[in-house]
Amino acid sequence: MDLNSASTVVLQVLTQATSQDSAVLKPAEEQLKQWEIQPGFYSVLLNIFTNHTLDVNVRWLAVLYFKNGIDRYWRRVAPHALSEEEKSTLRAGLITNFNEPVNQVTTQISVLIAKVARLDCPRQWPELIPTLLESVKIQDDLRQHRALLTFYHVTKTLASKRLAADRKLFYDLASGIYSFACSLWNHHTDTFLQQIFTGDEAAATNSLERTLLSLKVLRKLTVHGFVEPHRNVEVMGFLHAVFERLKQFLECSRSIGTENVCRDRLEKTIILFTKVLLDFLDQHPFSFTPLIQRSLEFAVSYVFTEAGEGVTFERFIVQCMNLIKMIVKNYAYKPSKRFEDSSPETLEAHKIKTSFFTYPTLMEICRRLVSHYFLLTEEELTMWEEDPEGFTVEETGGDSWKYSLRPCTEVLFIDIFHEYNQTLTPVLLEMVHSLQGPTNVEDTNALLIKDAVYNAVGLAAYELFDSVDFDQWFKNQLLAELQVSHNRYKPIRRRVIWLIGQWISVKFKSDLRPMLYEAIRNLLQDQDLVVRIETATTLKLNILFINYNFLFYYCFIQSYWKLMIFDH
């Protein structure tokens, strides 16, 4: 395909392919499909999408066709593969200028270059990385940003390769550019902090974008670029610097208003800092050992003390809790039953954990989780009233604890309570004993506290098996609470019937079931839909664990069906 004669024709067909008229669109797509295997077609596409005077939609489509062609025809063994000569020309053309003015097209070009890099870098494309490193130093804002964006996508793609030979190449790349990446990140970070505190929002926004991109590069290099990262002074220096930078950025978020143009990007950067730590812990638990103490101090301080007031936000709290959870539950840090069979690395990590999680620390974490994070929020109570079905669809299971606050707090509580149950059982029992008897329906806060404590007892049911006489508690208090019909008491009715559902499979005598069934039958007539749904769920759990006279149960089930099917 001759470039000069073909460019006009291809441009015309691409223009037709952007049409909303199917009569024009379909023939154009068919023609482009035929050209995919023609020599020179991708060179024409390169000329089109790098011509900034053309319509952006046409250029966008040219990039997409080029990108799809890489997957199909770039490999030497592919049918109708591109010639080595054309590929060499294309590689050179892709990195000639980083001056694309349209953000959406820029992103696609960066991904396109990364796709080629996955197949050709560094063997067939040794000049790619040096060109990118030089380009990110350029003072021109546009070219610097475009080069940095491409640098990130290339690094991300190369880090994802898993074959041993590819891993070795990435290790060599990481060790060669890590120092430069750190200095680049520090430069953009310092520049942003200076500009945001002097009130230059426009310049600060640009610097923050570069800080974010350079941090993304460092994340991939740090997590995937070293076999034993703890032996690299620069890597560990960067990870320790993350904590200082986090504090600076959190204080920055406190000082700027919610309407500041940097706000969204600032929070994304803070979350990215935490992702660096979480990813590193996941991939290199023993290399993370020198960071355990500092990570726990940092996360616990911001999430469970006054230090976090006014600076934390929900996604950051979730990330900090996940960091604590991953350290507490990490199997690499758990010694064998015979300590002498454990590795020195495991024993060292376990020692650090044990020295941190003292009784006062554990007690404060437990109390704070229950009395603060377990409380139903105004938003949740509003949802209860306006969308009761939506309220009852709990966001649990899978990986919801990684992203959502309530499942995150509950999973953290379960893991910490399991790990330190001997320490925390008395703390939780004391909270339960302080709530004996009915609660004043006019005291909303007291009702929410009781709901939270009962939630904790339900979540820790298996750990409390030997410490709670649930049968007596059911007869002496819980059953009576189910009978309080006041509208404001509905959070407790709903929580108590849920709590019973959690304990049915743990400890619940069969001779108490008639009383439970009577309570269930009454609650299925409750005025509140959330209470009725929770009651039906407990009934289902009870059926699963039925272990007494079936005829007796059958007498009750008749009325249940009538209540659930006909009355509601």
Side-chain angles (χ1 to χ4, degrees), residues 324-325 328-329 331 334-337 353-354 357 359 361-371 373-374 394 396-397 401 406-437 449-482 492-517 519-520 534-535 537-549 553:
I324 298 169
K325 169 191 159 50
V328 168
K329 201 177 180 181
Y331 289 106
K334 292 182 183 295
S336 303
K337 290 185 178 179
K353 279 174 54 180
T354 303
F357 286 111
Y359 174 76
T361 300
L362 287 169
M363 181 178 67
E364 183 59 31
I365 291 174
C366 180
R367 289 187 179 278
R368 184 83 168 168
L369 278 171
V370 176
S371 63
Y373 290 107
F374 278 14
E394 296 183 8
T396 57
W401 58 269
R406 183 161 294 281
C408 176
T409 57
E410 293 180 349
V411 167
L412 176 61
F413 175 81
I414 292 169
D415 288 340
I416 287 186
F417 205 94
H418 174 76
E419 188 76 9
Y420 303 102
N421 63 83
Q422 291 185 341
T423 301
L424 293 177
T425 294
V427 177
L428 184 55
L429 291 181
E430 180 187 336
M431 298 175 77
V432 173
H433 291 153
S434 68
L435 299 172
Q436 292 297 320
I449 289 289
K450 177 174 276 192
D451 173 83
V453 173
Y454 284 6
N455 185 22
V457 175
L459 294 172
Y462 285 96
E463 306 297 336
L464 296 172
F465 179 88
D466 295 322
S467 303
V468 173
D469 187 342
F470 192 79
D471 297 329
Q472 287 298 317
W473 193 26
F474 171 76
K475 288 190 296 185
N476 296 340
Q477 178 163 342
L478 298 181
L479 190 59
E481 295 202 275
L482 290 177
I492 305 304
R493 292 198 301 277
R494 173 246 182 187
R495 181 59 70 189
V496 169
I497 199 64
W498 170 87
L499 175 61
I500 294 168
Q502 301 304 300
W503 276 83
I504 282 173
S505 62
V506 179
K507 181 194 289 186
F508 196 77
K509 288 182 179 178
S510 59
D511 58 5
L512 295 177
R513 293 183 187 272
M515 286 186 282
L516 172 59
Y517 292 144
I520 288 176
E534 197 66 67
T535 303
T537 302
T538 298
L539 175 60
K540 179 187 72 174
L541 292 171
N542 192 57
I543 292 171
L544 293 175
F545 292 100
I546 187 170
N547 59 356
Y548 73 104
N549 190 304
Y553 164 75

Could you point out which residue of Leu482, Leu478, Leu539 forms a side-chain contact (heavy atoms from CB on, under 4.5 Å) with Ile497? Leu482
Trace of the side-chain contact (heavy atoms from CB on, under 4.5 Å) decision for Trp401 with Glu410: CA-CA 8 Å; Trp401 58 269; Glu410 293 180 349; over 6 Å; no
List for me each residue that meets ring-ring contact (aromatic ring centres under 6.0 Å, His included) alongside Phe413, sequence neighbours excluded, and say none if there are none. Phe374, Phe417
Are any non-hydrogen side-chain atoms of Leu464 and Leu459 less than 4.5 angstrom apart? no
In Leu499, Val506, Leu512, the residue satisfying side-chain contact (heavy atoms from CB on, under 4.5 Å) with Phe470 is Leu499
Between the main-chain N or O of Arg493 and the side-chain N or O of Glu534, is there a donor-acceptor pair closer than 3.5 Å? no
Are any side-chain N or O atoms of Asn421 and backbone N or O atoms of His418, one a donor and one an acceptor, separated by less than 3.5 Å? yes
Who passes salt bridge (charged side-chain N to carboxylate O under 4.0 Å, His left out) against Lys334, sequence neighbours left out? Glu419
Minimal non-hydrogen separation, Arg495 against Tyr454, with atom names: CG-CB, 3.5 Å
Return yes if some donor-acceptor pair links the side-chain N/O of Lys507 with the main-chain N/O of Asp471 below 3.5 Å, else return no. no
Taking side-chain hydrogen bond (donor to acceptor under 3.5 Å, both in side chains) as the definition, give me every residue that meets it alongside Gln422, ordered by chain and number, with sequence neighbours left out. none
Rounded to the nearest 0.5 angstrom, the CG-NZ distance for Leu479 and Lys475 is 10.5 Å
Compare all side-chain heavy atoms of Thr537 with those of Trp498 and state whether any distance is below 4.5 angstrom. no
Side-chain donor or acceptor of His433 paired with backbone N/O of Leu429 under 3.5 Å: yes
Apply salt bridge (charged side-chain N to carboxylate O under 4.0 Å, His left out) to Glu463 and list each qualifying residue two or more places apart in sequence or on a separate chain. none
Taken to the nearest 0.5 Å, the spacing of Gln436 CD from Trp473 CH2 works out to 8.0 Å
Apply side-chain contact (heavy atoms from CB on, under 4.5 Å) to residues Gln502 and Val457 and explain how you reach the verdict. CA-CA 9 Å; Gln502 301 304 300; Val457 175; over 6 Å; no
Distance from Phe465 atom CZ to Thr425 atom OG1, nearest 0.5 Å? 13.5 Å
Output the distance between atom CD1 (Ile416) and atom SG (Cys366), rounded to the nearest 0.5 Å. 8.5 Å
Is there a side-chain contact between Ile520 and Ile500, using heavy atoms and a 4.5 Å cut-off? no
I want to check something: taking the side chain as every heavy atom from C-beta on, are Arg513 and Tyr517 in contact at a cut-off of under 4.5 Å? yes
Hey, what do you get for CE (Met515) to NZ (Lys509), rounding to the nearest 0.5 Å? 10.5 Å
Can you name the closest pair of heavy atoms from Tyr462 and Ser505 and give their distance? OH-OG, 3.2 Å
Just jot down the ring-ring contact (aromatic ring centres under 6.0 Å, His included) partners of Tyr420, sequence neighbours excluded, or say none. Phe357
Taking only residues two or more places apart in sequence, or in another chain, which ones meet Asp415 in a salt bridge (charged side-chain N to carboxylate O under 4.0 Å, His left out)? Lys325, Lys329
Steps toward side-chain contact (heavy atoms from CB on, under 4.5 Å) verdict (Ile504, Thr538): CA-CA 9 Å; Ile504 282 173; Thr538 298; 4.1 Å; yes
